[in-house]
Amino acid sequence: QEYTKENPLKVALVVHGNLGDKSFFDSAAAGLDRAEADLPVDVTVIEAGNDRGRWQPALADATDQGYDVVIAGTWEMTGFMAELAPDYPETKFIVFDDAPDFTAGNLGNMLAINYRVSTAAYLAGYAAAKISESGKLGEILGVEGTTVVEFALGFEQGAKAANPDVQVTRAVAGSFTDPAKGKELALAQFAQGVDVVFPIAGGTGIGALQAARDEGKLAVGVDSDQAEIFAPTDPAQADVIFTSVEKKVGDSLYTALQQTLDGTAPYGTNLILGLADGAVGIAKNSYYEKLVPADVRAEVDEQEAKIIAGEITVDTGMN
Amino acid sequence: MAPLLEAISIGKTYPGGTVANDGVNLSIEAGEVHAVVGENGAGKSTLMKILFGIEQPDRGELRLDGKPVSFANPREAIDNGIGMVFQHFSLVPSFSVYENVVLGSEPRTGIKFDRQKAIEEVRALSEKFRLAVDPLPPVGQLPVGQQQRVEILKALYRNARILILDEPTAVLAPQEVEELFVAVRALVAQGRTVIFIAHKLPEVLAISDRITVMRAGKTVGSVNAKEVTEQSLATMMVGREIALRVDRAKGRGDLACEVKALKLTAESGAPIAEDLNLKVHQGEILGLVGVEGNGQAELLEAIAGLRAIADGVVYLNGEKLNPLSTLERRELGLASIPEDRIARGLATGATIAENLVATRLADKRYVRNGLLDLKAIKAQALKLIERYSIRAGGPGYPVGTLSGGNMQKVVVARELSEQPKLLLVNQPTRGVDLGATQFIWKSLTEARDGGAAVLLSSADLSELLALSDRLVVFYRGKIVAAFVNSDDLTAETLGTYMLGLSRQDPETMRAALQ
Amino acid sequence: MIGRETGRAVTAVVIALLVALVVILLTSADPGAAFQTLLTAPLSSNRTMGLWIDDVAKLTLTGLAFSLVFQARQFSMGVQGQVYMGGLFAALIAMSPIGATPLAIPVAMVAAMLAGAVYGFIPGYAKARFGASEIVSSLMLNYIAILIVNYLIRAHLAPQGTGQLATAKFPDTAIYPAILPGTRFDLGILVALVATFVVWFLLYRTNWGLKLRLVGHNPKFAEYSGIRSSFIMVSAMTVAGAFGGLLGSVFVQGRAFGNLAQNFDGNLAFEGILIAIVARSRPLAVPFVALAYGYLRQGAQLMGIRTDVPTEMISVVQAIIILLVASSFSLPGKKFFANLLGRKTTPAATPEAAK
Amino acid sequence: MIELLMTVFSATFFVTVIRTTTPLLFATLGGLISDLSGALNVALEGMMLISALTAVIISVYAPWYVAVLSGICAGAMLGALMAFFHLRLKADIILVGFAVNILATGGTVFALSQATGGDKGTSINLQSKAVPAVNLSFLDAIPVVGPTLRSLLSDHSILSWLALFMVFAVWYFLYRTPYGLWLRGVGEYPAAPEAAGINVTKVRAWSLVASGALAGIGGAQLAMFNYIGFTRDMTAGRGFIALGAVLLGARHPVGAMLAALLFGIFEALAVVMPNLFNWIPGEMIQTIPFVVTVLALILFSYRAQRARQMRTLTKI
Ligand SMILES: Nc1ncnc2c1ncn2[C@@H]1O[C@H](COP(=O)(O)OP(=O)(O)OP(=O)(O)O)[C@@H](O)[C@H]1O
Ligand SMILES: Nc1ncnc2c1ncn2[C@@H]1O[C@H](COP(=O)(O)OP(=O)(O)OP(=O)(O)O)[C@@H](O)[C@H]1O
Ligand SMILES: [Mg+2]
Ligand SMILES: [Mg+2]
C-alpha cells in the first residue's frame, strides 16, 4: 500500500504518563514530530496519564480507533501490546525499551526496539570518574526501575573502570516530579564530597541539575542532550552538564517508521541498538570539549571502540 | 404614648410548613418585666427570634418607639438596643468570661484587643447590675447560673434597653433563680425593659408586671400579673384546667437499692462525693435535694454505670452493681432519665423508633442473633407514641424535628415502657410545659406504684416536695440531712440545709434514711 | 427527599456539562465530536462499557468503605492504605500454591479483607486508646502502605533481574472471571453489589449497625444506652478497612491488572470520599452515585484519549463537575428552575413533594 | 552512625532543614487559620501548586517580590473560590478542597504549556527568578561565635525569615487582636459570634482567603528558592503533610511551627541518609517522616489526654 501526504500512515504514540518529562516521552514525541514533517505519516500522541488502570484502555482504544501503527514504550506496556497484537493483524505495533516473547511466533506485526543504554552510561561514568577531583560520584534515581537502573549499572561500571577507588552513591527520590527533593538530594551529596552528579529522575533530576549549577559542580544529563536543552534559556545550567547519556528514542522511532513505509522494518523481531548504531551514546558537544580534558576524551573514545568491538562487556539488567 | 416595642400580626411559617406564628400581637411598655407564656411549641421562641432579627417574619410589623423597624440580622437588633439570652447559651466555652462578653464589640488600641480595658469594663458592669461573676475563667468551667449572667452581661455590654430572656430559669437552682430575679429587678430599676419566657407559673407571677399568653402560634391575650392566679393563667394557656397534684405512695415494699459507703472521684482523683449511704425501697420515690454540683447528679451517673466508683458498693436487689456494665445494669431493671436530653438522652439525628429501642439492644424481642426485628421495633414505637401521646409525624421521623417537650416524652417513654426496678431521674421537667409536666409526673408515680424504686433529682424544689416520699439533702458531696416527706416540710427548711446553714442531728437523719 | 436531591444533582450535572462544553469549545478544533465523545464514549463498545462498569465497581467499594466510617462519624482517610494492603495480601495468595487452585479467588479475597481490616484497625485503635486524630494517622498510613508495597514489589515480588516493578501475571485461576469476555466487566461488579447489600444490611438490619449509627449521631447517648462507643468506633473502622482491603483484591485480581504493580490505585481510593458525601453515606445510594460519576469520569477519560482536548483539561472539567455536584444540594435560584419547569414552590407544598 | 550524627549537627544540615521546612510552615499556618475558623482546608496542596506556577511565570516578567505577591494572590483567590462554593453554595468543604486539588493538577499543566509554548513538564525554558537569600556575612565580625552564627543564620531565603515572622504574626493575630478572637470563636462555637452580631460567613470566608494566601507563599518559596522553576506536580504531597502538621501542632501557631520543623527535619534526614546508609532500601527511608508523624501524634495525643486530666484536677 502506498502512503502519501493525503493518505498518510496513521500513527499513535500512547504515552503511559504525560509529555513534558524532557527525556523519554518527549524524545519519542519529538522523533515522531519529525517523521510527520518529513514523511507521509500522521501522528497522534495519546497521553494516558499516571493512573495505571488507564494504560491498557488507552492502548486498546488507540488500536480500536484504526491507527495503522501503535507505538508505546517499556515493560509496562509490552504485555498489553502483546495481548492485543494477535487480535489486530492489520495493525502494526512498536514497543521501545522492552521486548515481548517472540518465540511463540504470533507477534509478526510487532516490533521491539531496545537500547544498550548501559554502554553509553559506562562511557559517561568513565569520564565522570576521570574528571572527579574527590573520587566521589552521585546518582539520583527517580525510582529503582529497569530503565533507570540500566543507566546506573553502566555508569557505575564505567566509573570503576576509570578509577577502582571511586565511590558512587545512589539515592532514590521515590518520585519523578519532585524537583525540590532532587535538588536537596544533590546538595546532600555535594555536602558529602560528591563533585559529579548523574540524575536519572525526570523532573526530580532537573532539580539535581540546578543544584550542580548553583554549587558549581558537574552533572551528567540523561536521555537527551540536556546541555543543548538548557543552552538557550539557562546557559549557566548548560555550562555544568559536561555530557549527557543519550537514548535516541525519537531517532529510532523515526527510522522504524521510515522502514515501515518502505516495507523493510523487521517486524516480529527485537531490535537491539547500541553504540554502533548511534541509537545510544554520550553527547560530545562543545561543553564536553570544554569541560573534559583531551586525554580523557581520547580514553573515552578508546573505551567506546572496545565496547563496540566486544572487548568490554557492559553489565545490563535487561535480557 | 406608644409602647416601647410592638409586634403586630406577626406571621411566620418555617420552611417545611410549620406555622410557628400566626397573627401574633405583643406590646411591651418601657420599664416593665413582660412575661410570655405558652405550651411547648406555642411559638414563643420564634417570636423572640423575630424580635432579635434571627428569623424574618413572613408578615406583620415591628415597631420600636412607635416607628416601624425591621431587623435583617442580630447586629441590627443589637444596634437598636435589643439583647437576647438564648435558652441554649451562645458562649464560646474555651473563651474567658470577659472575652465572651465583649466578643464582637471589643475595646481596642490600634488593632490590638485591649484586654485590660475589657476586664475592667466587665467588672464595672457586673457591679452596676449586681451580676457577680469573675471575668477571668473560661466560661466552659462555670456553672450554668454564672454562664447565664455572662449572657446577660453580654447584652448589657451592648447597651441593650430591651433584654429578652428565653426560659432563663429552666436551668437554674432555686437560689440562682432568686439571684436572677434580683438582677432583673435591678435592671428594671435602672430603666431597662425585660421580656421573659418561662413555664413555671409561680415564677412568672413573682417577677412579671404583665403577661402575654400564646397558644398554637396565636396570642390569646395580655393580662396584668396582679389580676391573675396560677389556675386562671394555666387555663388561658392550655384551654382547659390543669391540676398538678400527686398521690403519695400507698406503702413501700422491700428494699430495692442500697448504696453503701460510696466514694466518687473525678478522673484526676479529686473527691466529688464521700461516704454516701442510702436505701431505696420498692414503690417509693427518694428525692435528692441539693444545689447543682453537690454530687447528686454524679451519684445517679455512678449508679447508672456512666461514672467509675472509687470506693463503696451499690446493690440492686441484692446484686452488686459495681463490676457490671451499663448494659448489664439495665438488664437488671435499671432505667434512667438523664439531665440533658439532647446531649445525653437522645440521638437527635436518629429516628424516634431507633431512639426508643436504643437501650434495649440486648432484648430478644427486638434483636435476635445480632439482627434487628424491625417489625417489632416499629410496633413498639407506634405503641409508645400512642400511649405517651408524642406529637410526631411517625416512628420514622428524626427526633430532632420534635419540640422540646415531645423530646422529653420520648425519653420518658423509653425508660418507663418496661416497668423498671430502679429508676434514676434527673431534672425530668426542665423546659417542659405544664401539660407535659403533669403527664411526666403521672408517669413517674405510675412507675413507682408499679414497684419501682425511684431516685429523683431536680433543681425544682416544688417538684421534689410534690413527688418524693423521702428526701435527702446533699451538701459538698455528703448527705447532710434526711426527711420523710410531709406537708410540714417546706422549701425554706430544705434550703437552709442545701446551703450548709444548718445541721441535722445524726439520730434524726439515720431514722429518715431507713 | 430522594426525588428532590436527584433533581438537584441532575441540574448540577447539566450545568457541569455546559461548563465542559465551554472548555471544549475553547480548546478543541472539533468541539462537536469532542462533546459527543464525552457524552457517549462509555457506551461506544463492549470494551468501554467494561471500563465503565469496572470503575463503578471500584468506586462503589471505596464509597462504601468511606460511608461506613462517616456514619460512625469518624474521618478516617485510610481507604487507600487498606487497598494497598489488601492488594498485597491478595497477590501473595495468588502467587502462592493456592493461586493455582479454585480456592484462589475466595481465599485471596478473605486475605485481602483481613489485611485491610488490620490496617483499618490501627488508626481506630490509636484514636480510641490515645486520642490520636484518625485523619492524620490514616493519611500517613496510606503513604506507609504504598512505600511498603513498592519495596516488596521491587525487592521481592517482581521477577528478579528484569527490574520490572510489578509481579508476574497471576495464574488464571486467581484472576476474576469476566462476565463479558474480553472486557473488564468481571466478578468485581458482583463483589461490589454484594458488598453494597452487606453494608446496607450491617448498618440497617443488625444490632451492630444501629449501634454504629447511634454512636455516629451522639456518642454520649450511645454510652448512656449501654453501647461501648469506643468498641463500635474501632470496629467500624476495622470493618470499613475490610472493604478497603476487598477493593485491593478487586484491583489486583480483576481483569484490569491480574498482577500487583506499584501505584496501582491511581488515587481512585480517594474518590470514595466524593461518592460517600454525595450519597450522604447511605450504602444503597452509593452504587447509583458511582454509576453516574463513573460514567462522567469514563467519558472524560475517553475524550482525553480520542479527541484533541488536552488531557489536562479533563481534570479541569472533572473538578468543575465535583464543585457543581457538591453544590447541588442547595443551588441558588432553585425557584428559577422550578418556574422554568412551570412549577410553583410554596413552602407548604414541599413536604408533599419530598415524599 | 557517627557520620550521621556529624551530618545532622552540621550547619549544612541546619540550613537544609530550614529550607525544607519553610514551604511546609507557610502551608501549615494557612491550614491552621482555616482549621481554627472551622473549615478543614484539604486544598493546601492545590493552592501551593497553582501559586508556585503563578509565581514562576510572573517572575519571568517582573521582580521577585511581585512574583511572590502574585503567588499570594493566586492562593488567596483560590481561598475565595472555596469560600464561594462552600459558604455560598453550601458545598462540602472537603469536596471543594479535592476539586481545587484536581483543578490544580490539570490546570497548572495546561497553563504551563500555554506559557512555555508547549512544554507540559517543566518551566526550564522560562527564565524565572529566585527569591533572594539574606546574606549575614557581617556576623563573621563577632568574635568566637561569629563564623558559626553566620553559617547557621546566613543565606536563608528571605521568605524563611518571613515564615518565622508569620508564626509570630499569626499568633499575635489570633490571640491579641479582636479579629483573632472572632475567628477562634467562629471555629469553636459559631452560634456565639453569630448572636453577638458577627458575620460568621464573612469571617470564614476571610479565613479561607488568608489560608490560601499563606499556602501561596509556601508555593512561591518552593518554586523560587527550594527549586527555581516549576515542574508538574512539584508540591509532591507537601500540602497534605502540612494538613497533618496542623493537627500535630495542636492547632496553635507555635505548635504548627514545631510540627512543620519536625517534618522538615525528617525530610532532610531522608535526603542525607541514602548517601550514608546504602544498604537501607530507599522506600524504607522514605517512610521515616510518616512513621515519625504517627508515633509523634500518638505520643502527643496521649500526653494531651493526660494534661486534660490534670486540668480537671485543678478545676475541682
Ligand atoms: N428552625 C425551625 N424550623 C422548623 N420548624 C421550627 C423551627 N424552629 C421552631 N420550629 C417549630 O415552630 C413551632 C414553634 O416553635 P417555638 O420554638 O417558637 O416554640 P416555643 O413556644 O418556644 O416552645 P418551647 O416552649 O418548647 O420552647 C414548633 O412547632 C417548632 O417545632
Ligand atoms: N429545623 C427544624 N426542623 C424542625 N423542628 C425544629 C427545627 N429546629 C428546631 N426545631 C424544633 O423546634 C423547637 C423549638 O426550637 P428552639 O430552637 O426555639 O428551641 P427551644 O424552644 O429554645 O428549645 P427546647 O424547647 O428544646 O427546650 C425545638 O424543640 C426543636 O426541636
Ligand atoms: Mg422555646
Ligand atoms: Mg423550649
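Just so we're on the same page: letters track the sequence lines, and every chain starts at 1.
A:Glu47 and D:Lys120 are joined by a salt bridge, as a carboxylate oxygen and a charged side-chain nitrogen come within less than 4.0 angstrom of each other.
Counting heavy-atom pairs closer than 4.5 Å to chain A, the top-ranked of the candidates D:Gly121, D:Ala223, D:Ala236 is D:Gly121. Per-residue counts of heavy-atom pairs under 4.5 Å with chain D were compared for A:Ile206, A:Thr204, A:Leu141, A:Val172; the largest is that of A:Ile206. Between chain D and the options A:Ser175, A:Ala173, A:Gly182, the largest number of non-hydrogen pairs under 4.5 Å is found for A:Ala173. Each of A:Leu185, A:Asp26, A:Leu187 has some count of heavy-atom pairs under 4.5 Å with chain D, and the biggest count is that of A:Leu185.
The minimum heavy-atom distance between A:Ala188 and D:Val271, with the atom names listed, is CB-CG1, 3.5 Å. Smallest separation of non-hydrogen atoms from A:Ala180 and D:Arg238: CB-NH2, 3.7 Å.
A:Asp234 CG to D:Asn125 CG: the interatomic distance, rounded to the nearest 0.5 Å, is 10.5 Å. To the nearest 0.5 Å, atoms CG (A:Asn18) and OG (D:Ser113) are separated by 11.5 Å. Annotation: the span from A:Lys181 atom NZ to D:Met234 atom CE amounts to 14.0 Å, rounded to 0.5 Å.
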(request) Starting from the C-alpha separation in whole Å, work towards a yes-or-no answer on side-chain contact (heavy atoms from CB on, under 4.5 Å) for A:Gln226 and D:Ile124. (result) CA-CA 11 Å; A:Gln226 288 189 305; D:Ile124 54 177; over 6 Å; no
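For D:Gln127 (side chain) and A:Thr233 (main-chain N/O), a donor-acceptor pair under 3.5 Å exists by modelled atom type. Formation of a donor-acceptor pair under 3.5 Å by the A:Gln210 side chain with backbone atoms of D:Ile228 is found in this model.
With a 4.5 Å cut-off on non-hydrogen atoms, D:Thr122 touches chain A through its backbone and its side chain both. A:Ala171 touches chain D through backbone and side chain together, each having a heavy atom under 4.5 Å away. Proximity to chain A (any heavy atom under 4.5 Å) is shown, for D:Phe230, by neither the backbone nor the side chain.
Here the side chains of D:Asn226 and A:Lys183 are not in contact, with every heavy-atom distance at 4.5 Å or above. For the pair A:Gln192/D:Val272, a side-chain contact is recorded, criterion being any heavy-atom separation below 4.5 Å from C-beta on.
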